[in-house]
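First the structure, in the form of structure tokens, and then the observations on it.
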Amino acid sequence: MKTLIAKLCLGIFIACSFSLSGQMKVLFVDDSDDTFGNAELFAAALDTAGYPITYFNAVDSAASPTDLVMKQYDLVVWMTSSDGGGLQFWNGVDEDNASLKAYLDGGGKLWIVGNDFLFDKYGIPAITFKEGEFMSDYAGIKSYDAQAYGSDGNIGVEAAQLAPDSGIPDLPNLTWQFATLWWADAVTPKEGTKSVYLMGGGATYPLKDKVMATLYKNDTFEVLTYFFDISLVNNFTSLVSAVKPVMVHFEGIVSAVEQPLKNGQKIEVFPNPVTSNQFILDLDLSNVATINANLFNSQGKVVKNVYNNQSTLNLQKQNIVDLEGFLSNGLYFLQINLDGKQQVTKPLLLLNAN
């Protein structure tokens, strides 16, 4: 058994060493013809945060990257910045991008960022999206409702406030280089789509609490949409701090940053290796907490949701986690979040009998 475990560990480590090193392959699509260098600033922030990119200039190419190009990457970051005209996101002719759909249908991950990209295709809101449209089926958006400045009496949105259950740990609230941000879009998510950021401002701001960023994922793909230009946050340090949690999220559990739990909180998983379809999660918690827990495989894909916003008052000290059927032998990680503090367990080696 020890020899088998050692061989499996060695094989899994070699196979996963690329991902564990944090070198997620990122394609950055510059789809903005602005003259202010916003896309370049965003790209520099990604690099500073530790995520080198491959830069694709869609403006100079006058084309979208193909799905064959995109599928070579773990994540596509598509930046339209603040120029909402003739975007290759819409193939330059205001139509859904078939290459983007094919990339996502093949299991892709996409982060869309920019002001006005909805305006480029749809014009003035309000627009309700139909089934079959990209924004409905892939971004998880029900409707395009309003624009900061254009729909709020020429005020602009003062801040982006983190939504209560954004789905991405450690995101900061955002303010801008200017007193307010213009032309950020407000949308209504479909059921099952998470709100990530809300429009912030004073109590009388007309668009207060409207959704301005969303996260939609299913068993095949994941799309994060920022309906605003993140490069316009108040300074470069803030920009780096704002992009890092997103990249950690997309990179998956194999590169997640461990954070210490609160004093008196302790989590252990045993046995390890796991030789059946069950393991024990031992919780020693001095304070009541809300727990979220997901089991990831070595490629960073969620294979089981263990707890979803569950109070630890409803749990025992030792809790059986049933893997509910066959999982292939290999390396797994349990990501646990307690009241916003994230912890990643040591790798679990699964050697079940199936």
Side-chain angles (χ1 to χ4, degrees), residues 27 29-32 58 63-67 70 75-151 157 160 163 166-168 181-199 207 209-230 246 249-250:
L27 179 66
V29 181
D30 179 357
D31 193 15
S32 174
S64 162
T66 67
D67 57 300
M70 289 186 280
L75 171 67
V76 174
V77 180
W78 200 297
M79 172 65 159
T80 68
S81 188
S82 298
D83 181 20
L87 297 173
Q88 294 303 322
F89 186 83
W90 306 115
N91 284 331
V93 290
D94 293 346
E95 66 181 19
D96 282 356
N97 190 319
S99 291
L100 265 177
K101 289 182 176 181
Y103 164 68
L104 293 170
D105 287 339
K109 297 178 182 178
L110 176 66
W111 184 13
I112 313 165
V113 178
N115 295 346
D116 256 2
F117 67 88
L118 288 180
F119 183 84
D120 179 37
K121 180 178 179 182
Y122 295 97
I124 297 173
I127 304 294
T128 299
F129 299 113
K130 302 175 182 177
E131 289 188 9
E133 291 187 85
F134 182 90
M135 294 309 300
S136 173
D137 293 4
Y138 292 86
I141 304 301
K142 181 178 180 180
S143 61
Y144 162 39
D145 304 328
Q147 287 187 315
Y149 192 78
S151 306
V157 61
S166 69
I168 302 178
L181 181 69
W182 297 2
W183 311 122
D185 292 328
V187 301
T188 297
K190 292 173 63 174
E191 185 177 355
T193 302
K194 287 185 177 294
S195 299
V196 177
Y197 278 112
L198 311 177
M199 290 189 170
L207 302 182
D209 293 334
K210 294 287 187 181
V211 177
M212 61 188 300
T214 58
L215 177 65
Y216 177 69
K217 57 183 176 179
N218 56 25
D219 292 337
T220 303
F221 60 80
E222 183 169 356
V223 177
L224 174 66
T225 311
Y226 279 20
F227 298 93
F228 61 91
D229 187 347
I230 195 173
V246 173
H249 167 80
F250 275 116

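As the structure is a prediction and not an experimental result, all values here were calculated from the model.
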Could you walk me through whether Q147 and N115 satisfy the side-chain hydrogen bond (donor to acceptor under 3.5 Å, both in side chains) test, starting with their C-alpha distance in whole Å, then the side-chain angles of each, then the deciding distance to 0.1 Å, before giving a yes or no?
CA-CA 9 Å; Q147 287 187 315; N115 295 346; over 6 Å; no
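- Although no hydrogens or angles enter the test, the distance criterion places no donor-acceptor pair under 3.5 Å between the side chain of S151 and the main chain of A146.
- Separation of the F89 and W78 ring centroids falls under the 6.0 Å cut-off.
- Contact annotation: the side chain of L181 approaches that of F228 to within less than 4.5 Å [non-hydrogen atoms, C-beta and beyond].
- Here the CD1-CG distance, from I112 to L118, works out to 9.0 Å after rounding to the nearest 0.5 Å.
- Listed here is the closest heavy atom pair of V157 and A184: CG1-CB, 4.3 Å.
- No donor-acceptor distance shorter than 3.5 angstrom exists from the side chain of D67 to the backbone of A102, with no hydrogens or angles considered.
- Counting only distance, with no hydrogens or angles, the side chain of S166 and the backbone of I168 share a donor-acceptor pair below 3.5 Å.
- Not one N or O on the side chain of W111 forms a donor-acceptor pair closer than 3.5 Å with the backbone of Y226.
- For the pair Y103 (side chain) and K109 (backbone), a donor-acceptor distance under 3.5 Å is present.
- Of the possible polar contacts, none joining the D137 side chain to the E131 backbone as a donor-acceptor pair under 3.5 Å is found.
- Separation of atoms CH2 (W90) and CZ (F117) is listed at 7.0 Å; rounding is to 0.5 Å.
- Taking the six-membered ring where the residue is Trp, the centroids of Y122 and F129 are separated by under 6.0 Å.
- Partners of W182 by side chain to side chain contact (heavy atoms under 4.5 Å, CB included), not counting sequence neighbours, listed by chain and number: Y149, T180.
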Would you check, one step at a time, whether the test side-chain contact (heavy atoms from CB on, under 4.5 Å) holds for L104 with L110?
CA-CA 8 Å; L104 293 170; L110 176 66; 3.9 Å; yes
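- Residues D30 and S32 share a closest heavy-atom pair of OD1-N, 3.2 Å.
- Side-chain polar atoms of S81 and D229 form a donor-acceptor pair below 3.5 angstrom.
- Taking all atoms of both residues into account, the shortest heavy-atom contact from I141 to T214 is CD1-OG1, 3.5 Å.
- With hydrogens and angles disregarded, a donor-acceptor distance shorter than 3.5 Å links the side chain of N97 to the backbone of Q88.
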Begin with the C-alpha distance, continue with both residues' side-chain angles, and end with the deciding distance and a verdict on side-chain contact (heavy atoms from CB on, under 4.5 Å) for T188 and V211.
CA-CA 7 Å; T188 297; V211 177; over 6 Å; no
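- The backbone N or O of G123 lies less than 3.5 Å from a partner atom in the side chain of Y144, making a donor-acceptor pair.
- Scanning both residues, K210 and A186, for their nearest heavy atoms gives CB-CB, 3.7 Å.
- The shortest distance between side-chain heavy atoms of T80 and V113 does not fall below 4.5 Å.
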If you apply the rule side-chain hydrogen bond (donor to acceptor under 3.5 Å, both in side chains), what do you find for S136 with K190, and how did you get there?
CA-CA 8 Å; S136 173; K190 292 173 63 174; 3.2 Å; yes
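- For D96, the salt bridge (Lys or Arg N to Asp or Glu O under 4.0 Å) criterion is met by K101, K121, not counting sequence neighbours.
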Pairs of donor and acceptor atoms involving the side chains of residues 216-224, under 3.5 Å and at least two apart or interchain, shall be tabulated with distances.
from : atom 1 : to   : atom 2 : distance (Å)
N218 : OD1    : T220 : N      : 2.8
N218 : OD1    : F221 : N      : 2.8
E222 : OE2    : H249 : NE2    : 2.4

